[in-house]
Amino acid sequence: MKNIKNKLFSKEPVEIGPESGYDNYIMAIESSCDETACAIVKNGREVIANVVASQIKTHAQFGGVIPEIAAREHLDSINIVIDEAFKQAGDLKPEDITAFAGTVGPGLVGCLLVGLNATKTLALTYDKPFIGVNHLNAHLCGNYIDTDLKPPYMALLVSGGHTQIIDVKSYSEQEILGETIDDAVGEAYDKVARLIGLPYPGGPRLDKLAQEGNPKAFKLPEGKVDGYNFSFSGLKTAVLRLVKSFDGQELPVNDICASFQETVSSTLLKKVKKALEEKGYKQVVIAGGVAANSEIRKKIFNLENEGYKVFAPPMKYCTDNAAMVASCAYFNTNTFDDVNTEVFSRVKC
Ligand code: KG4
Ligand code: ZN
């Protein structure tokens, strides 16, 4: 199907995507949370430039992301990451860009506004199409970078705000089969990390300590939810009880981390396998910040021994980045064309 986008001023039609018959260079901007990122991607899969300015150090002192501070930092970094992306792209000039894409949501509104307004300004200045991108779809599209992945496939999307199993039927057609009914996986990681006294960002730190611990040290409960849905709040409460049971004595931190990680990763694996079997798919992808987790990756990659083809973005395309946004715009995965599209904070279908 043809994917026609109009240039903003001249309204000249531009065909975008795999069927356009020429090389597309999409510049994308991502600013939904605490990374200011800009990338240029050729034909949805080849990264020409990839720049990420992380705010982790700023927010670490507060134990989490402070939205107002994050928005201000995006303002400070946005022009720098755009300039740096063009530097990395060598001879490629703004005029050579096929379209400008930016994350519309979900995310922190003040943060999204900075990146999206920069995107719209670039599209208006250079008279190119504007493409608005959903951050969650962008995470899935991180799997198209440097691979030959094509739908259909089953996707496990695990981030700080979401936990979903998605049936990706085509580049633009998806069905959410199940999701968390309470905490997202990343949220559970961050909360448990805080419970046991780990500094922000908790998820990756917990992952590291888990690798030194015994995953069978403590039996923790898996959330019992029907179908493809998940629940992680009971598990979090179980860890809280476990911590309290030590009554101030030194915690076996590594063992607690390993046992928690084992419970989470087994739950995710079970539901992914169930979805693969029921739909008869042979390809599975993982995406989102938590797809960087060592044990979740290991368990999902073990499916290769059962004949499945497994995709997971390399670490730099797992956590927030703009290359995945550019790829999402190229493959037209539920994008927004209207330059008046407003940012949104929560999932919008
Ligand atoms: O996708 P992402 O960068 O931001 C959004 O939520 O959109 O994901 C961030 C989440 C955080 O909760 C962070 O703790 C978690 O991903 N995370 C991890 C790991 N790396 C990042 N959780 C567990 N293990 C990791 N290695
Ligand atoms: Zn994200």
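When a ligand or atom number is given, it counts from 1 through the structure's own listing order. Computed over heavy atoms, backbone and side chain alike; hydrogens, waters and symmetry mates excluded.
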May I ask you to list the protein N, O or S atoms found at less than 2.8 Å from the Zn ion (ligand 2)? His135 NE2, His139 NE2, Asp320 OD1
Applying side chain to side chain contact (heavy atoms under 4.5 Å, CB included), run through Lys5 and Ile131 and close with a yes or a no. CA-CA 8 Å; Lys5 312 272 187 216; Ile131 304 174; 4.0 Å; yes
Would you call the rings of Tyr171 and Phe331 parallel, tilted or perpendicular, taking 30° and 60° as the class edges? parallel
Specify the closest pair of heavy atoms between Glu15 and Ser20, including all atoms of both residues, with the distance to one decimal. O-CB, 3.5 Å
Does a side-chain heavy-atom distance below 4.5 Å link Val52 with Asp320? no
Does the cation-pi check pass for Lys120 over Phe100, that is, NZ or CZ under 6.0 Å from the six-membered ring centre and within 45° of its axis? no
Do Lys282 and Tyr308 meet the cation-pi criteria used here (NZ or CZ under 6.0 Å from the six-membered ring centre, within 45° of the axis)? yes
Name all residues meeting the side-chain hydrogen bond (donor to acceptor under 3.5 Å, both in side chains) criterion together with His74; count only those two or more places apart in sequence or in a different chain, and write none if there are none. Thr36
Summary of salt bridge (Lys or Arg N to Asp or Glu O under 4.0 Å) pairs that have at least one residue in residues 246-256, sequence neighbours excluded: none
Show me a pair-per-line table, with atom names and distances to 0.1 Å, of protein N or O atoms that are under 3.5 Å from an N or O of ligand 1.
from     : atom 1 : to     : atom 2 : distance (Å)
ligand 1 : 1 (O)  : His139 : NE2    : 3.1
ligand 1 : 1 (O)  : Gly289 : N      : 2.9
ligand 1 : 3 (O)  : Asp320 : OD1    : 3.4
ligand 1 : 6 (O)  : Gly160 : N      : 2.8
ligand 1 : 7 (O)  : His135 : NE2    : 3.3
ligand 1 : 12 (O) : Gly186 : O      : 3.3
ligand 1 : 12 (O) : Asp190 : OD2    : 2.7
ligand 1 : 14 (O) : Asp190 : OD1    : 2.6
ligand 1 : 14 (O) : Asp190 : OD2    : 3.4
ligand 1 : 14 (O) : Gly203 : N      : 3.4
ligand 1 : 24 (N) : Asn293 : ND2    : 2.9
ligand 1 : 26 (N) : Asp207 : OD2    : 2.9

Hydrophobic clusters here meaning ILVMFWY residues chained together by side-chain heavy-atom distances under 4.5 Å, can you tell me if Val133 and Val168 are in one? yes
